[in-house]
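Computed from a predicted model, the values in this text were never measured in an experiment. The analysis underlying the following values was restricted to heavy atoms, covering all of them including side chains, and did not include hydrogens, waters or symmetry mates.
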Amino acid sequence: MRVEIWSDIACPWCYIGKARFEKGLAAFAHRDDVEVVHRSFELDPHRAKGDTGPVLEMLAKKYGRTLDEARAMEEHVAANARSEGLEYRTDGRDHGNTFDIHRLLHLARERGRQNELLDLAYRANFAEERSVFDDETLIGLAVEAGLDEAEARAVLADPAAYADAVRADEREAAELGANSVPFFVLDRRYGVSGGQPAELFTQALEQAWESRVLQPVAVTAAAGDADAPTCDVNGNC
């Protein structure tokens, strides 16, 4: 059974949702028969490469809040992350265009190192003082994930490398009706939207597994709590 996950490195609920999904998968009896594929989704696709800025200032401006109020918003997200055993910094993080990260993740998928690179990128963005919007940082993460340095550099140096693959993922997300992330598609039968509790992911996996004898159907609805936290295409989290 295949599970496809649309997400963005800039999305805190994708970071949290991945951890919750993995806990739910660990409790699933057929976990060894599940292939997980991560798909691309940009929350801010029109932002220029190199245009970065502090997350707190971005949140304050976007929502018309003070910096203290923006910090409180981040603390709420941080509490959810820490409850899953994840580190989360509320200060010192930046925000920018994630297109290059997604291109490297497609390279990593071809080399069997996608999950490793994704985990490292999430950790760098949310837990460490490393900007994932810097090419040298991305190269370091790619090498740490087990990719060849020269190959990773070649991808970043060529704007066309894996660009079509990223855009194809994003078109497919739109066709499936996904306008926010994280978005999980289980065996092309069920959709689960948002950073749901681990128990719900286990239930969804069981339901998808049991229905595998049926003919595949289009994903028409998202399972679980419709109010589960997500980040949408307008950058609202």
Side-chain angles (χ1 to χ4, degrees), residues 2-23 25-26 31-32 34-45 47-55 78 81-82 84-170 181-182 231:
R2 171 180 284 194
V3 175
E4 296 160 280
I5 306 174
W6 273 264
S7 61
D8 192 10
I9 295 297
C11 166
W13 293 109
C14 296
Y15 177 47
I16 295 167
K18 183 176 187 293
R20 291 176 175 173
F21 170 77
E22 287 173 350
K23 288 180 181 178
L25 178 62
R31 56 187 173 274
D32 293 337
V34 176
E35 176 193 12
V36 179
V37 177
H38 295 279
R39 302 288 192 190
S40 300
F41 191 104
E42 294 174 273
L43 291 175
D44 200 354
R47 195 181 189 101
K49 177 180 172 67
D51 178 13
T52 61
V55 167
R82 291 164 187 155
E84 301 300 333
L86 301 172
E87 296 180 52
Y88 193 103
R89 293 185 303 112
T90 56
D91 286 300
R93 294 195 298 109
D94 56 3
H95 179 74
N97 180 283
T98 56
F99 189 62
D100 282 348
I101 305 171
H102 286 297
R103 295 195 300 119
L104 276 180
L105 284 166
H106 276 278
L107 167 66
R109 182 187 173 194
E110 287 188 354
R111 302 295 178 264
R113 309 301 294 175
Q114 187 184 52
N115 192 63
E116 288 80 1
L117 179 57
L118 185 59
D119 280 342
L120 288 167
Y122 275 139
R123 190 177 73 193
N125 189 43
F126 292 106
E128 301 173 350
E129 297 198 14
R130 290 197 284 174
S131 173
V132 294
F133 308 105
D134 171 77
D135 282 359
E136 288 306 311
T137 298
L138 287 181
I139 293 297
L141 294 173
V143 171
E144 193 176 345
L147 297 178
D148 177 75
E149 179 178 347
E151 193 171 31
R153 286 189 181 279
V155 169
L156 291 183
D158 178 7
Y162 297 100
D164 288 346
V166 175
R167 298 304 183 214
D169 279 357
E170 293 173 337
V181 287
C231 295

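Using a 4.5 Å cut-off on side-chain heavy atoms (C-beta onward), S7 and K18 make no contact. Annotation: side chain of L156 is in contact with side chain of L104 (closest heavy-atom distance under 4.5 Å). Under the 4.5 Å side-chain criterion, counting only non-hydrogen atoms from C-beta, D134 is not in contact with L138. Residues P182 and F21 have side chains not in contact (no heavy-atom distance under 4.5 Å, counting atoms from C-beta outward). Here the side chains of V36 and N115 are not in contact, with every heavy-atom distance at 4.5 Å or above. For the pair R93/F126, a side-chain contact is recorded, criterion being any heavy-atom separation below 4.5 Å from C-beta on. Within the 4.5 Å cutoff, the side chain of V34 has no heavy atoms near those of the R2 side chain. For the pair T98 and D44, the minimum side-chain heavy-atom distance is 4.5 Å or more.
Considering every non-hydrogen atom in both L120 and E144, the closest pair reads CD2-OE2, 3.4 Å. Among all heavy-atom pairs drawn from D169 and S40, the shortest one is OD2-N, 2.9 Å. Nearest heavy-atom pair across R31 and A26 is NH1-O, 3.2 Å. C14 and C11 make their closest contact through SG-SG, 2.8 Å (heavy atoms, listed as atom of the first residue, atom of the second, distance). Shortest non-hydrogen contact noted between V155 and A161 is O-CB, 3.9 Å. A108 and L117 make their closest contact through CB-CD2, 3.9 Å (heavy atoms, listed as atom of the first residue, atom of the second, distance).
To the nearest 0.5 angstrom, D8 atom CG is 8.5 Å from E170 atom CD. Atoms NE2 and CZ, on H38 and R109 in that order, are 10.5 Å from each other to the nearest 0.5 Å. We find the CZ-CG distance between F133 and D51 to be 10.5 Å, quoted to the nearest 0.5 Å. Here E35 contributes atom CD and E4 contributes atom CD; the two are 8.5 Å apart, rounded to the nearest 0.5 Å. Taken to the nearest 0.5 Å, the CG atom of L141 stands 13.5 Å off from the OH atom of Y122. Note that CG of N97 and CZ of R47 are 8.5 Å apart. Values are rounded to the nearest 0.5 Å.
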Under the side-chain contact (heavy atoms from CB on, under 4.5 Å) rule, what do V37 and I5 come out as? Steps first, then yes or no, please.
CA-CA 6 Å; V37 177; I5 306 174; over 6 Å; no
Kindly indicate, with the supporting measurements, whether the criterion salt bridge (Lys or Arg N to Asp or Glu O under 4.0 Å) is fulfilled by E87 and R123.
CA-CA 8 Å; E87 296 180 52; R123 190 177 73 193; over 6 Å; no
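Residues satisfying the salt bridge (Lys or Arg N to Asp or Glu O under 4.0 Å) test with D158, not counting sequence neighbours, are none. A search for ring-ring contact (aromatic ring centres under 6.0 Å, His included) contacts involving F99 returns nothing, not counting sequence neighbours. Residues meeting the side chain to side chain contact (heavy atoms under 4.5 Å, CB included) test with D32, sequence neighbours left out: none. Annotation: side chain to side chain contact (heavy atoms under 4.5 Å, CB included) contacts of A19 (sequence neighbours excluded): E84, L86. Not a single ring-ring contact (aromatic ring centres under 6.0 Å, His included) links Y162 to another residue, sequence neighbours left out.
Looking only at distances, no side-chain donor or acceptor of R111 sits under 3.5 Å from a matching main-chain atom of R113. A donor-acceptor pair under 3.5 Å is formed between the side chain of D148 and the backbone N or O of E151.
By the neighbour-count criterion of 12 heavy atoms within 6.0 Å, atom CG of D91 is densely surrounded, having more than that number from other residues, nucleotides or ligands.
A side-chain hydrogen bond (donor to acceptor under 3.5 Å, both in side chains) with S131 is found for one member of T137, D94, N125 and no other, namely D94.
Here R153 does not pair with D135 in a salt bridge; the nearest charged N to carboxylate O distance is not below 4.0 Å. Ionic pairing of R167 and E42 is present here: one or more N-O contacts between side-chain nitrogen and carboxylate oxygen are shorter than 4.0 angstrom.
Sorted by first and then second residue, the salt bridge (charged side-chain N to carboxylate O under 4.0 Å, His left out) pairs involving residues 95-107 (not counting sequence neighbours) are K49-D100, D100-R103.
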